[in-house]
Each structure stands twice: as structure tokens, then as C-alpha cells.
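Here's the structure, in C-alpha cells; my notes come after.
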Amino acid sequence: MLQLNFLREHTQEVIHRLEKRGNSNYKSLVEEAIELDKQKRDKQAETDGLLSELNKASKEIGMLMKSGDRKAADAAKAKIAEIKTSSQAMKQELTDLELRLHGVLTQIPNVPHALVPPGSTEDDNQVVETAGEIPVMSNDSKPHWELADEYNLIDFQLGVKIAGAGFPVYRGKGAKLQRALINFFLAEAEKSGYEEIIPPFLVNEDSGFGTGQLPDKEGQMYHVTEDDLYLIPTAEVPITNIYRDVILKADELPQKLCGYSPCFRREAGSYGKDVRGLNRLHQFEKVEIVQICKPEESYGLLDEMISHVKGILGKLELPYRVLRLCGGDLSFASAITYDFEVYSAAQKRWLEVSSVSNFETYQSNRLKCRFRGEEKKTALVHTLNGSAMALPRIMAALIENNQTENGIVIPEAIQTFTGFDKIDK
RNA sequence: GGAGAAGUGGCAGAGUGGUCGAAUGCACCGGUCUUGAAAACCGGCGUACUGAGAGGUACCGGGGGUUCGAAUCCCUCCUUCUCCGCCA
């Protein structure tokens, strides 16, 4: 959620910068928020004045009662009856205005950073870096879903039987490779100074709101209605919500946390080649990194997180590129996002494996996560997060790119985690 | 799941209808004293909105209600603790 005072003081700038997202609707939402805010504050002042009168009168009645002057007390009661009635009506109007304002504010996405390129589709994303050698594959190289079957690593059909499409069953060396990768990612995060967290995999509505999944993206999450809980779409949600309603000391920042979790996504509306094999799933595994920091250090830390992800991809010996997402591709809560894609040699396409974002104060304003600065005043923190990494597409690229006539070769960096250096039949 | 008890500021803990945003202690910050430290003493010490300021308003687990007035009474939900049951 954008901060109201920023919205007030930089209205035109906000409108202008939101244009990068390619949705003309935001201008009117911003203007509506400004107007509602003004009405709300006027109503607030009016209501406060009335309540002040009421409080004063109540105290006087109290004193009269104490001195035993019942008659005078009753007279005073009668006198403020009218004020009481109108204050109640006014309170109701104030509540309505607050709700409407809140409703509008939650529909306005974060303001894109100056570096974010304008544009509406993924074609407008900027490639800021490409690294690694794209392997030259023979013509009979196979996509990962065929390899997974051939080497008995993943059984997609079995998953359909047990749960449904998008819930694969990993088995044997497939399961071991997955687990090894998780441990490798966690070990890398630990080396970079992140504290490991195992969070709840279901969250309540407040948490969903705090990180921006609710109320807008309700349909993306699995909802357990019986208990009103949501299956997490990413560990970002529970981990960032650790800091909901928290005031940190300046010297406690930055906070660096990481965590492994399964991720559940309904992915309503996806179809075609995008969902083949491991490309898009309802349940997948991921290691997430999260930082909570002072505003002035967040862009430095964003670079640090980007380097962290690059380091991992380098060790996995996967060719990758880094994209700076355009306004139209930027997620709702993000100010700037860098996507990492690895090249999947047999599918001959780039697959997104990580997304690193700075949310600035957009999430912290919802979370009410602040820190106490130099002059004892509180200020909102910046929040950042990134995948490091999402498992399925890493797995897909690894087995496709490393397939040979005699099996699938495991990159050296993870051999200590797998306990084997090759997958064969 | 059943029965009972309880939820107050960073922590501990008073307060059961009326100058209570809340005693007191600890912690913390500033000062006096001291060569320095400790002790002692003095002062400060929740969050948010609003106002140029003085100040005003809201918040005592969440929500609702009674009342001129609620931390205090009522309803409801949540959480914690104790006992019983069940269980990885």
C-alpha cells in the first residue's frame, strides 16, 4: 500500500510513474484516494471535536454524581444527548470513509522505480546480462519430461492419479536430486548470512494481506475455507509476516532470512506448452531469501541478492540471463524486479527460475513494520525478497542440458549433496 | 474434542464503572555526582491520526453491545495455561 502522505505530496509524480504499468485506470484511483483522504480528515477533525465535547461533559457528570448532585447530573445528561446522537452518526460516516479509502488504496499498485522500462508485455523486459555457454545439443536431445520418464526420476501420471495435473511425483534419484538442490541452496544462503526459517505452510488472512496477495490475488491461492487458511504460494508470505506489527531497532537491520517451503499455486487459466512437464506446477519447492532493511540501504542489498542468485547459477553451470521487468510485467507490490532465466537446451527456451524484488515500503506499510531511527521517530522499513531458487525449472534445465549418451551428469558443486555424480538407467 | 482459569505498555505486575493512556518495579535514554565505573539522586521513557502550536482523538487480545462515561459490565471470536480424551 502506498503511503498516504507520499501520495498527497507527490500526487502528479505518482500518477506519472504509474503510467509505466500501462493501465490508465490508476490515475483516477489515485485522485479518488486523494479526495477520500481529504474527506476523511475533515470528518475526523469534526468527529474528534464532538467527542472531545462529549468526553468533557462526561467528566463533569462524573463529578456531579460524586458530589451527590443527581439533579444537575441528569440535566447535564439530557443536554448532551443530542451531541451523542450526532457523534454516533459521524463515527459511522468516518468508518465508511475509512473503508472506502482503504478499498481504493489497496487497488493501487506500487510505483515503479526510475529504472523500470515502460511496456506492457514480456517483450518489453530488458535483458541486462547474459552469462554462461549455451550448450550445443544433438538433434535427438530430449526435453526433461521424456528424460524424467526414461530415467524414472519423475512420474507425472502418478501425480495426476493421486492429486491432479501439476502435482508430480519425484522418485529415486529424481527425489534425491531435488532434496540435494534444496540443501545446496540453503547452504549457499547460510554462507551469505541468511538465518534459516521453516515457516508455517498455511497462513491466515492478515498475513495474505500483509505481503499483498490479498485481497486482489485471492484466486491464485488455495483456500481452506473450513479453517479460513491459505496454502502459501511462496515462503515470502510467512517469512515476511514475521515482521508484521513489529518495530525494530535501527541496529537490528538488515534482517536476513531464508527458508525452504513447498509452494502452492492454483494457476487458473494456464495452458499449452507452458505447463508441460515441470514448467508450471500447482505444487513446487523453493528456497526464498528475504531482507528487511533501512530505506537507504535497500538498493545496495538488492544488488547483493542479485549477486547471490548469480553465484548459485554459476556453480550449477547453467547458462542464464537477467531481465529487468517492464512496468506491465511488474508484480503489484514491487517497485523493481529482476527475473533470472536459465536456458533449457532441449526445449530451446528460457525458463524463469528466480525473481528478485524490492518492495520499498509497499509491503511494510501493509505490515506496519517499522524501525526506530536516529531521532526516536519510527519509519517504515524496506522489504526485499528473491527466489534462490525455485526447484522445478532448475531441475528441468539441469537434466536437459546435462544429458549425454551415458546418462545425466551432475554438476560438481552439488555432488557432495547428491552423493552421486551421474544418473543412469 | 470436553471442563476450568487467564489475556494490561519491552518485561513483570496493579487497577473491577468516573480527572486511567493507565500505579509500581525492572529494563532503556539523558543528567548530577565520580579520575572512571558502580551505587545514589533528578528527569524522560507506548503507537497512530490530527493541529503552526497549546492541544485534541483513538487504542488495555480481536470484533460487537450496555452506559452520560468501559481496561473494568454483557455477548462473541481468538490465543495461552491446567486437567481429561485423542494422536505423529
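Every chain is numbered from 1, with letters handed out A, B, ... down the list of sequences. The structure presented is a predicted model; accordingly, all values stated were derived computationally and were not measured.
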Touch check for T378(A), heavy atoms < 4.0 angstrom, all strands: base, sugar-phosphate only, or nothing? sugar-phosphate
Dot-bracket, RNA chain B: Watson-Crick or G-U, under 3.5 angstrom, [ ] crossing, | other strand? ((((((((.[[[..)..(.....]]].(((((.......))))).(((((....))))).[[[[[..)....]]]]])))))))....
Touch class at under 4.0 angstrom, heavy-atom based, for I61(A) against every strand present: base
Atom CZ of R8(A): over 12 foreign heavy atoms under 6.0 Å: yes
Considering residues at least two apart in sequence or located in another chain, which fulfil the side-chain contact (heavy atoms from CB on, under 4.5 Å) criterion with K59(A)? none
Whole-angstrom distance between G13(B) and A22(B), as gauged at atom C1': 13 Å
Atom CD1 of I61(A) and atom NZ of K77(A): how far apart are they, to the nearest 0.5 Å? 6.5 Å
After noting the C-alpha distance and the side-chain angles of I80(A) and I83(A), does the key distance pass the side-chain contact (heavy atoms from CB on, under 4.5 Å) rule? CA-CA 5 Å; I80(A) 59 170; I83(A) 303 178; 4.2 Å; yes
In whole Å, measure the gap between the P atoms of U50(B) and C28(B) for me. 34 Å
The first and last nucleotides of RNA chain B lying within contact of chain A, meaning any atom under 4.0 Å from one of its heavy atoms, run from G18(B) to G69(B)
Can you confirm whether the side chains of E400(A) and H144(A) place a donor and an acceptor under 3.5 Å from each other? yes
Considering only the C1' atoms, how many Å lie between C81(B) and C73(B), rounded to the nearest integer? 25 Å
Against the six-membered ring of F340(A), is K310(A) placed for a cation-pi contact (under 6.0 Å from the centre, within 45° of the normal)? no
Between H113(A) and Y299(A), how do the two ring planes meet: parallel, tilted or perpendicular, split at 30° and 60°? tilted
Which of parallel (below 30°), tilted (30 to 60°) and perpendicular (above 60°) describes F417(A) and F184(A)? perpendicular
If you find the nucleotide of RNA chain B closest to A379(A) and the one closest to K56(A), which residue's nucleotide is nearer the 5' end? A379(A)
Could you measure between the two C1' atoms, the one in G15(B) and the one in U24(B), and give it in whole Å? 11 Å
Euclidean distance for P, U35(B) against U19(B) (whole angstrom): 49 Å
